[in-house]
Amino acid sequence: MLPCAGGHSNASGPSSAGRQMAAPAIALAPAPPASPAAPLLIAEAASALDRGGGGIRPRRSGPEASCPSVSVVFPGALSRDCCCRFACELLKHVLYQRQQIPLPYEQLAFFCRRPAQDEDVMKKPPSMDLASRKCQQALMEMEGLLQHLEIMFSLTLVPRVLILLGGNVMSPKEFYELNLEGIYEGSAEESLKTASCVRKFFRSLFVADVFSELKALPAMGTVVMLQGHRDCGVDWFRPKLNYKVPTRGRKLTVTVSCDGDINISALPPQHMTSAWEDYVWFQAPVTIKGFTE
C-alpha cells in the first residue's frame, strides 16, 4: 500500500540552484505544440528492462513511513516537449493502473473509434451502448486535456504536476506528483531524445513496482493540477492562487532531475535567483470520470 503522508505544500525556492529548472526569466522560445503522444508499448518498455542501462535510480526517500518516491536521473538536458510527454504518459498510465479505464489509453482509443459493423450494431445490448457513450466521453475529455497540457508546457515552465484521484482537490483518495524542479531545460537540438527519455522514465516505474500492491479502486473522478507562471497567458486552466498540496491521501512522487556532463554553455542563460513565488497552481476544468466496462 502507498502509505499516507503529507507532501510539501508550496513552490518555494529551489533547494539547489545548480541543479534546478531554469528560472522563469529565461528567454526561451516556446516549443511548438507537440504532436499527439505516440503509443507507449508495454513490450518496448519490457525490452528496455531487459537491456538494463544506467542513470535510473528508483528509490524510496526519507524514513520508512514517508510517501513512496521514484527518482529518475537523466545524463543531459531535457526539452519542454519531453517534460510534457512525461506528464501526459504518466496520466494515461495512472488511469489504467488504477482501474479508471479498462484498457491502456491507446488501445481504448483504437477500439472506441473503430467503425461499428452492421452486425455489431444489431447485436449490441443497451448496456454496451451505455459503456460506449462513457468511453467516448472519457476519450473526448482526455484528448482535450492532453492538448491543453501541450499548450501549457509551451507557454511556461511547469515545475510540478498533480494527478488527483477521488475525493476532491483538497483531500483526494490518492494522488501522484510529477516533480520537474530539478531538471536542466535545453532546446530540442541540445536535449536528450524524447522517445528514449520516456522509455527510461517508465522503466524506472516498472523497476520500483509501485502499483502491484495497491488495492483496486472503484470508478472515480480524476483531476489534474499543475504549476505555471501566473502571467503565462493560459486561458483554459483555472488559476488556484491559494491551493496547497494535500497532506492526506496515498501519494506517490516521481522526481525527474538532470545530472552528469551537461554542457551549460549550450543551455539558455541561467539565473541564480529564481522567482518561484510567481508560480501558482492551475486546475484543469474537466474531471475524467472513470469507468470499468
Side-chain angles (χ1 to χ4, degrees), residues 6-15 20-34 79-92 94-95 140-183 185 220-249 251-256 271 273-289:
H8 52 296
S9 62
N10 55 58
S12 58
S15 59
Q20 296 299 321
M21 180 184 286
I26 288 176
L28 179 65
S79 65
R80 286 197 194 182
D81 174 64
C82 185
C83 294
C84 181
R85 283 289 303 278
F86 291 156
C88 293
E89 297 296 341
L90 180 62
L91 173 60
K92 298 175 188 177
V94 167
L95 287 174
M140 182 176 65
E141 292 173 346
M142 275 288 293
E143 288 175 347
L145 176 55
L146 295 174
Q147 291 172 2
H148 284 286
L149 281 173
E150 292 173 0
I151 295 172
M152 185 70 169
F153 272 85
S154 73
L155 293 174
T156 175
L157 300 173
V158 178
R160 296 168 72 189
V161 180
L162 296 180
I163 302 170
L164 307 120
L165 278 67
N168 55 59
V169 296
M170 301 302 298
S171 181
K173 185 174 182 64
E174 63 183 52
F175 63 107
Y176 301 80
E177 176 179 348
L178 174 62
N179 190 309
L180 301 167
E181 293 176 333
I183 72 162
E185 184 188 27
M220 56 181 61
T222 299
V223 175
V224 173
M225 301 197 65
L226 69 171
Q227 284 183 328
H229 195 279
R230 63 172 69 245
D231 298 323
C232 65
V234 68
D235 57 3
W236 190 75
F237 288 92
R238 299 169 180 170
K240 299 294 180 180
L241 303 182
N242 299 317
Y243 182 73
K244 302 294 183 183
V245 176
T247 57
R248 296 181 179 180
K251 178 184 179 184
L252 170 70
T253 300
V254 182
T255 302
V256 177
H271 297 266
T273 56
S274 61
W276 294 107
E277 63 271 15
D278 290 329
Y279 279 67
V280 299
W281 286 103
F282 291 86
Q283 179 178 339
V286 297
T287 299
I288 307 299
K289 297 179 180 178

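Just so you know, residue 1 is the first one in the sequence shown, and it goes up from there.
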Roughly how far, to the nearest 0.5 Å, is CD of E277 from CZ of R230?
8.5 Å
Tell me, do I288 and L91 make a side-chain contact under 4.5 Å, heavy atoms counted?
no
Approximate separation, where rounding is to 0.5 Å, of T222 OG1 and K289 NZ:
12.0 Å
Show, in sequence, the C-alpha distance, side-chain angles and deciding distance for I183 and C83, and conclude whether the side chain to side chain contact (heavy atoms under 4.5 Å, CB included) test is met.
CA-CA 9 Å; I183 72 162; C83 294; 3.4 Å; yes
Contact check, side chains of L165 and K173, non-hydrogen atoms, under 4.5 Å:
no
In terms of the angle between their ring planes, are W236 and H148 parallel, tilted or perpendicular, with boundaries placed at 30° and 60°?
parallel
Using 0.5 Å steps for rounding, measure from the CG atom of L95 to the NZ atom of K92.
10.5 Å
Carboxylate-amine/guanidinium proximity below 4.0 Å for K251 and E174:
no
Minimum heavy-atom separation for F175 to P172, with atom names?
CD2-CG, 3.7 Å
Walk me through it: do L180 and L157 pass the test side chain to side chain contact (heavy atoms under 4.5 Å, CB included)?
CA-CA 9 Å; L180 301 167; L157 300 173; over 6 Å; no
How many angstroms lie between atom CG of D235 and atom CG of L155, to the nearest 0.5 angstrom?
9.0 Å
Result for side-chain contact (heavy atoms from CB on, under 4.5 Å) between E177 and one of L162, L90, L164 points to L162
Taking Y279 for the side chain and R160 for the main chain, is one N or O donor matched with an acceptor at less than 3.5 Å?
no
Closest heavy-atom contact between Y243 and V169?
OH-O, 2.7 Å
Are any non-hydrogen side-chain atoms of F282 and Q227 less than 4.5 angstrom apart?
no
OG-CG distance between S154 and L149, expressed to the nearest 0.5 angstrom:
11.0 Å
Identify the two heavy atoms, one from M152 and one from G228, that lie closest to each other, and give their separation to 0.1 Å.
CE-CA, 4.1 Å
Closest non-hydrogen atom pair, G182 against N179
N-OD1, 4.5 Å
Is a side-chain N or O of T156 found less than 3.5 angstrom from the main chain of H229, in a donor-acceptor match?
yes
Are V254 and Y176 close enough that some pair of their side-chain heavy atoms sits under 4.5 Å apart?
no
Does any non-hydrogen side-chain atom of M225 lie less than 4.5 Å from one of V161?
no
With rounding to the nearest 0.5 angstrom, report the SG to CD distance, C84 to E89.
9.5 Å
Distance-minimising heavy-atom pair for E141 and T287:
OE1-O, 3.2 Å
